[in-house]
Amino acid sequence: MELLGAGRDSDIFAHGPGTVLRRYRDGRSAAAEAEVVGRLHRLGYPVPAVRAVAGPDLVMERIDGGTMTRSLLGGDLSPGTGGALLAALQDRLHALPWPGDRPLLHLDLHPDNVLIGPGGPVVIDWANARPGPVGVDAALTALILAQVAMTPGTSPVSAEQVGPSRDGVIVTLRAFAAAVSTPYASHLTDAEILRRRDPRLTTVELTHLAAAAVLARSAGPSP
């Protein structure tokens, strides 16, 4: 199969007409993620349609378009518009009805996990998704953006991928903080703990994590 892309823990392959296959390298089941994405699709949230799931393999609709990161780098999307778009996607997600009467959180929403397709933005990579307090979701997006700003040249998906400039990411972060409905400052400690537990983070990213939390806090409104 043709390799289309690679993240920190999974690979994307061309699969057939109009579909892609995402495979977890560690062999874990994709069934839980498939269930979440399928429910979101039925609720009208912008996600790829799920076609099949088997073990670590998830077959999904192919979205013709690049990531938000690529649009930001190419100038097709301004940093401020990108931040506002991330906020709108979070607010829309958190307003959906979800089993247990608690909002669903993405917990990894950043420009590399948003594809800009012909019909608009599409959110991918729901491996971390679970219900919880929406402030944690907003805090994680802000913290991830701040981490990228603190380590220019990297991206949240692949430390080897060239990312946007520091100044551009800071504009995106501030636009996100200004537009998102949920104040997140009081949740940044929890978000930092979650990031420190992520085994995929590099030593450089971990070194700058505390400073990134300070930057994320300064960009947002008071709790």
Side-chain angles (χ1 to χ4, degrees), residues 1-71 85-141 144 156-158 180-182 191 194 197-198 200:
M1 291 185 290
E2 178 190 359
L3 179 66
L4 299 177
R8 298 197 187 197
D9 61 358
S10 62
D11 298 305
I12 305 292
F13 300 93
H15 183 262
T19 60
V20 296
L21 183 150
R22 177 183 176 184
R23 174 173 293 158
Y24 286 111
R25 295 192 200 99
D26 62 5
R28 71 182 185 271
S29 173
E33 182 176 3
E35 182 178 351
V36 167
V37 175
R39 185 182 294 272
L40 287 167
H41 191 266
R42 292 190 293 273
L43 289 170
Y45 191 81
V47 293
V50 174
R51 304 303 188 200
V53 59
D57 293 349
L58 180 59
V59 178
M60 298 177 290
E61 170 191 10
R62 181 167 183 166
I63 305 300
D64 293 322
T67 64
M68 181 189 291
T69 298
R70 184 181 299 175
S71 293
L85 179 55
L86 287 172
L89 288 168
Q90 276 217 355
D91 288 344
R92 182 176 173 184
L93 172 64
H94 300 156
L96 293 175
W98 204 256
D101 296 325
R102 300 185 76 195
L104 181 70
L105 315 183
H106 185 282
L107 298 179
D108 199 21
L109 185 59
H110 53 71
D112 277 340
N113 278 338
V114 179
L115 301 178
I116 307 298
V122 177
V123 182
I124 60 172
D125 194 354
W126 294 86
N128 296 336
R130 63 176 184 267
V134 296
V136 173
D137 216 6
L140 273 166
T141 293
I144 292 169
V157 170
S158 172
V180 73
S181 295
T182 306
L194 288 171
R197 291 175 179 171
D198 188 341
R200 302 169 300 177

Any side-chain heavy atom of I124 within less than 4.5 Å of one from M60?
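Result no, sub-4.5 Å side-chain heavy-atom pair not found.
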Return the set of residues passing side chain to side chain contact (heavy atoms under 4.5 Å, CB included) with A32 (not counting sequence neighbours), or none when no residue passes.
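Here no residue qualifies.
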Considering residues at least two apart in sequence or located in another chain, which fulfil the side chain to side chain contact (heavy atoms under 4.5 Å, CB included) criterion with R130?
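Scan of R130 (side chain to side chain contact (heavy atoms under 4.5 Å, CB included), adjacent residues dropped) gives L107, L194.
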Write down the atom of [X], the atom of [Y], and the distance for their closest heavy-atom approach.
X: F13; Y: D11; answer: CE1-CB, 3.7 Å
X: P121; Y: V114; answer: CB-CG1, 3.8 Å
X: L105; Y: L93; answer: C-CD2, 4.2 Å
X: G65; Y: L115; answer: O-CD2, 4.3 Å

Which residues pass the side chain to side chain donor-acceptor pair (under 3.5 Å) test with D64, sequence neighbours left out?
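Here no residue qualifies.
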Return the set of residues passing side chain to side chain donor-acceptor pair (under 3.5 Å) with D57 (not counting sequence neighbours), or none when no residue passes.
R23
Can you pull the side chain to side chain donor-acceptor pair (under 3.5 Å) pairs that have at least one residue in residues 88-107, sequence neighbours excluded?
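Output for this query lists Q90-T141, D91-S181, H94-D137.
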Distance, nearest 0.5 Å, that separates CG of L4 from CD1 of I12
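L4 atom CG to I12 atom CD1 measures 7.5 Å (nearest 0.5 Å).
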Side chain to side chain contact (heavy atoms under 4.5 Å, CB included) evaluation trace for D9 with D26:
CA-CA 7 Å; D9 61 358; D26 62 5; 5.8 Å; no
Using modelled atom types only, decide if a donor and an acceptor are shared between the side chain of N113 and the backbone of D108 within a distance under 3.5 Å.
yes
Show me the side-chain donor-acceptor pairs of residues 37-53 shorter than 3.5 Å, one per line, residues at least two apart or across chains.
residue : atom : partner : partner atom : Å
R42     : NH1  : G38     : O            : 3.4
Y45     : OH   : L89     : O            : 2.8

Name the residue from I63, V122, L85, T67 that meets the side-chain contact (heavy atoms from CB on, under 4.5 Å) definition with I116.
L85
